[in-house]
Amino acid sequence: MRIALFITCLNDTLFPDTGRAVVRLLERLGHEVVFPESQTCCGQMHYNTGYRRDAQKLAVRFVKTFDDADVILAPSGSCAAMVRDNYPRLGAAGSRLQRATTALAPRVHDLSELLVDVLGVTDVGAYFPHTVTYHPTCHGLRLLGLGDRPYALLREVRGLELVELPEARECCGFGGTFAVKNPDVSAAMGADKARNVAATGAEVLCAVDNSCLMHIGGTLDRQRAGVKVVHLAEILASTEQEPAQL
Amino acid sequence: MTGTFLGMPTFPEAARAATADAQLRHNLRKATHTIRDKRAEAVGELDDWTRLRAAGKAVKDRTLRHLDHYLEQLEASVTAAGGQVHWAADAAEANRIVTDLVRATGERELVKVKSMATQEIGLNEALEAAGITAYETDLAELIVQLGDDLPSHILVPAIHRNRAEIREIFLREMAAWGTAAPDGLTDDPRALADAARVHLREKFLSTKVAVSGANFAVAETGTLVVLESEGNGRMCLTLPETLISVVGIEKTIPTWDDLDIFLQTLPRSSTGERMNPYTSTWTGVTPGDGPQEFHLVLLDNGRSDVLADEVGRQALRCIRCSACLNICPVYERTGGHAYGSVYPGPIGAILTPQLKGTGGELEASLPYASSLCGACYEVCPVAIDIPEVLVHLREEVASAGGAGHRVEKAAMAAAEWVLDDDRRLGLAQRAVASARSLVPRRLPGPVGAWTDTRDLPDIPEESFRQWWRTREKGKRKRS
């Protein structure tokens, strides 16, 4: 299958390892991967902070970039949710933007959806000999409804021991500009999440969104908790021949 | 007398103090987690919850769409049953109507069943100014009133207090308000409840006027409905000679049949109970039984403006169950006072700025008091998409360009300019990468708070886009 990557601006700029892992994984599974270079950002930050017009412009760019793609992968739960859930609300009812985004939305998938629903695979042949706990990020949990998919994928990874995260459904407190506008509450939420992660004794915290991982990981680092944060794609791309480096 | 929310600081400021208060955080965490677990269990018992939720939403939407019609029907039904209906456009008018009605009875004291509408209009303070004392009879409202405090929760106003604090308040204040607390009062919940019962009984038996709110007003019969747990509401509704009910116009529902839905969803969402202990309904007056004079004050106070907003109007579906407060991770860490308004938590963050406008600094800060995690929408029994309304209100605040938003608007526009062109983004990424060794561990300015508690990620040498381009070039060379 030919899969168009929407790598997202944060991954592109700060977490290129996630993008490289996605490419390695999908090519290993025998698929063709393309990266339309005119892509930039989904506009989630603008939309969520109240700058709808800026977000509209970025949505127009997104539609132009991905209009031809049959299957679009966004390895970020919140960006996938932005395109799928919020884009259709961006344009006025019946507008061209609304029609275009509504038509595009069903083709956008998070990594776990792409693998389980579209490609029909849970065992991707990965090897990752570490104890892992999984944080189901809010947008993955509530907007995308990922459900058991990420767990199903992790359970098939050889060498991986999956441990349950207490209070897993609680928000980590990142929330984009929320972390800047309400720093005290954001930090308090992050500290509780980090404490729950550390309590599992896991070596690795996994999620499908690097923005949440950046927030929790930054808190864990500051606490010298010794837990690494790793995107699901990097665990699934890891093999015995080419193991992911912690 | 209980203070008011006037002149409260913005949410981030108030939240700083709240998050630093370990006792408060402990009280809130314990209470919210207990109620949310109970709610989840009670909701999980019903296999038609999804349909009940959709039905509640539909009834409320239909009523709001034709609110003018149902309000006229309600007025006619209440009048036909021997009650009197008064229309109040705003808080001042509602307070004036109630004060005049109490004055006409010649009484200087009244008892109250807990009501959000009267909190919203500051009725107790208005009555006090007119020389009339209002006694709160809900246990938690009593604790708040005696403690010269403000409510912190819609359903559990004293959620921020623990047993030891309540004991102290009772011992210190009860005597000044009526029957004193017994000597040797312990912080055992039963002992505290008994002290309140004795204190309140005297009020119930001696007071001739009562003020209530209502959970629902049934248009077809003119019946008002109050759901409660303690029986104090029923005492207020039946014992006095005059009953004055102050009710927001959005509490109207068309028929008794519609109540069927909410009598299931409200108790399960609010207290995690299958059914609340007391459901009281009253229709006009009945000679020789209960209050002989009944007044219904229908309150607008900004609701018509909310109704005019296509996205925001869904907030008027709210049945004040508090499920969104109990599940909200932000509320859990700050409590209700940080919201600086009568309605705290996620629903307060959308309702208050809509009722009062986003012109004030506090009101403008409320739509940002959320990480948009969506837990509130998930538990809302009438499916109010709170995150959607929050974003909608943020747009209103940001476009008004008030304090702090001018800089932000420029930053957002600059970001959009970079992001609206992949070459510009590529150049920006190279600039960031080349300065990677210069980025300090702690950042200055407004984003500095981030680095107070969190380490920044390392900036990579190469963006994904650069890596991809190099790889594609390599592939082309090989082929």
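Computation of the quantities below employed the complete heavy-atom set of this structure, encompassing side-chain atoms and omitting hydrogens, waters and symmetry-equivalent molecules. Residue numbers begin at 1 in each chain, while the letters A, B, ... track the order of the sequences.
- Ranked by heavy-atom pairs under 4.5 Å with chain A, the first of B:F11, B:Y377, B:Y368 is B:Y368.
- For the set A:M214, A:E37, A:K57, the entry with the most heavy-atom pairs within less than 4.5 Å of chain B is A:E37.
- Ring geometry for A:Y87 versus A:F62: interplanar angle over 60°, hence perpendicular rather than tilted (30 to 60°).
- Residue A:V229: no heavy atom, backbone or side chain, is found under 4.5 Å from chain B.
- Looking at A:V34, the atoms closer than 4.5 Å to chain B (heavy atoms on both sides) all sit in the backbone: N, CA, C or O.
- With no hydrogens or angles considered, no side-chain donor-acceptor pair links B:N326 and B:T32 at under 3.5 Å.
- Across B:P387, B:P12, B:A338, B:C373, the residue that shares the most heavy-atom pairs under 4.5 angstrom with chain A is B:C373.
- Among A:D17, A:V185, A:T65, A:L143, the residue with the largest count of heavy-atom pairs under 4.5 Å with chain B is A:V185.
- Between A:E170 and B:R36 there is a salt bridge, since at least one side-chain N of the basic residue sits less than 4.0 Å from a carboxylate O of the acidic one.
- Of the residues considered (A:G19, A:G176, A:A191), A:G19 shows the highest number of contacts with chain B, using heavy-atom pairs under 4.5 Å.
- Across B:V330, B:T453, B:I327, B:L419, the residue that shares the most heavy-atom pairs under 4.5 angstrom with chain A is B:L419.
- Proximity to chain B (any heavy atom under 4.5 Å) is shown, for A:F35, by both the backbone and the side chain.
- Highest contact tally toward chain B, considering only A:R142, A:R89, A:M189, is held by A:R142 [criterion: heavy-atom pairs under 4.5 Å].
- The existence of a salt bridge linking A:R169 and B:E378 is confirmed by a sub-4.0 Å separation between a basic side-chain nitrogen and an acidic carboxylate oxygen.
- Salt-bridge annotation for B:R333 and A:D192: present, with a side-chain N of the basic residue lying under 4.0 Å from a carboxylate O of the acidic one.
- Heavy-atom distances place no part of B:R423 under 4.5 Å from chain A, backbone and side chain included.
- With a threshold of 4.5 angstrom between heavy atoms, B:E13 does not approach chain A through any atom at all.
- At a 4.5 Å heavy-atom cutoff, the contact between A:H139 and chain B is made by side-chain atoms alone.
- Here SG of A:C206 is found 4.5 Å from CG of A:L232. Values are rounded to the nearest 0.5 Å.
- In summary, the side chains of B:S365 and B:T10 do not present any donor paired with an acceptor at a separation below 3.5 Å, with no hydrogens or angles considered.
- In this structure, B:E41 places its CD atom where only 12 or fewer heavy-atom neighbours from other residues, nucleotides or ligands lie under 6.0 Å away.
- For the atom pair CE (A:M45) and OG (A:S78), the distance works out to 12.5 Å, reported to the nearest 0.5 Å.
- Residue A:R53: no heavy atom, backbone or side chain, is found under 4.5 Å from chain B.
- Among B:G426, B:P329, B:A20, the residue with the largest count of heavy-atom pairs under 4.5 Å with chain A is B:P329.
- Note: B:D421 leads B:D421, B:V418, B:L393, B:I459 in heavy-atom pairs under 4.5 Å with chain A.
- Interface residue B:R29: only side-chain heavy atoms are found under 4.5 Å from chain A.
- Side-chain atoms of B:H405 and B:E408 include a donor-acceptor pair closer than 3.5 Å.
- Below 30°, between 30° and 60°, or above 60°: for A:F66 and A:F6 the angle between ring planes is above 60°, a perpendicular geometry.
- Heavy-atom contacts from other residues, nucleotides or ligands closer than 6.0 Å to NZ of B:K473 number 12 or fewer.
- Contact of A:L14 with chain B is made through backbone and side chain together, with heavy-atom distances under 4.5 Å.
- One side chain, A:T177 or A:T49, offers a donor N or O that lies under 3.5 Å from an acceptor on the other.
- Contacts between B:R471 and chain A at a heavy-atom distance below 4.5 Å involve the side chain alone, from C-beta outward.
- Tested against A:I72 for a side-chain contact (heavy atoms from CB on, under 4.5 Å), the candidates A:L104, A:I3, A:L114 yield a single pass: A:L104.
- Between A:E113 and A:L146, the closest heavy-atom pair is CG-CD2, 3.5 Å.
- Heavy-atom distances place the side chain of A:L5, and not its backbone, under 4.5 Å from chain B.
- Only the side chain of B:L425 comes within less than 4.5 Å of a heavy atom of chain A; its backbone N, CA, C and O stay farther away.
- Heavy atoms closer than 4.5 Å to chain A are found in both the backbone and the side chain of B:R465.
- In this structure, the portion of B:H33 lying under 4.5 Å from any heavy atom of chain A is its side chain and not its backbone.
- B:T19 and A:D184 share no side-chain donor-acceptor pair at under 3.5 Å.
- At a 4.5 Å heavy-atom cutoff, B:A428 makes no contact with chain A through either its backbone or its side chain.
- Proximity to chain B is absent for every atom of A:Q223, based on heavy atoms less than 4.5 angstrom apart.
- For A:R61, the part sitting under 4.5 Å from any heavy atom of chain B is the side chain, from C-beta outward, and nothing else.
- Listed here is the closest heavy atom pair of A:L236 and A:R28: O-NH2, 2.9 Å.
- Of all the listed residues (A:S186, A:G217, A:A194, A:G173), the one sharing the greatest number of non-hydrogen pairs under 4.5 Å with chain B is A:S186.
- Proximity to chain A involves both the backbone and the side chain of B:E388, based on heavy atoms less than 4.5 angstrom apart.
- In terms of heavy-atom pairs under 4.5 angstrom with chain B, the leader among A:T219, A:L220, A:T40 is A:T40.
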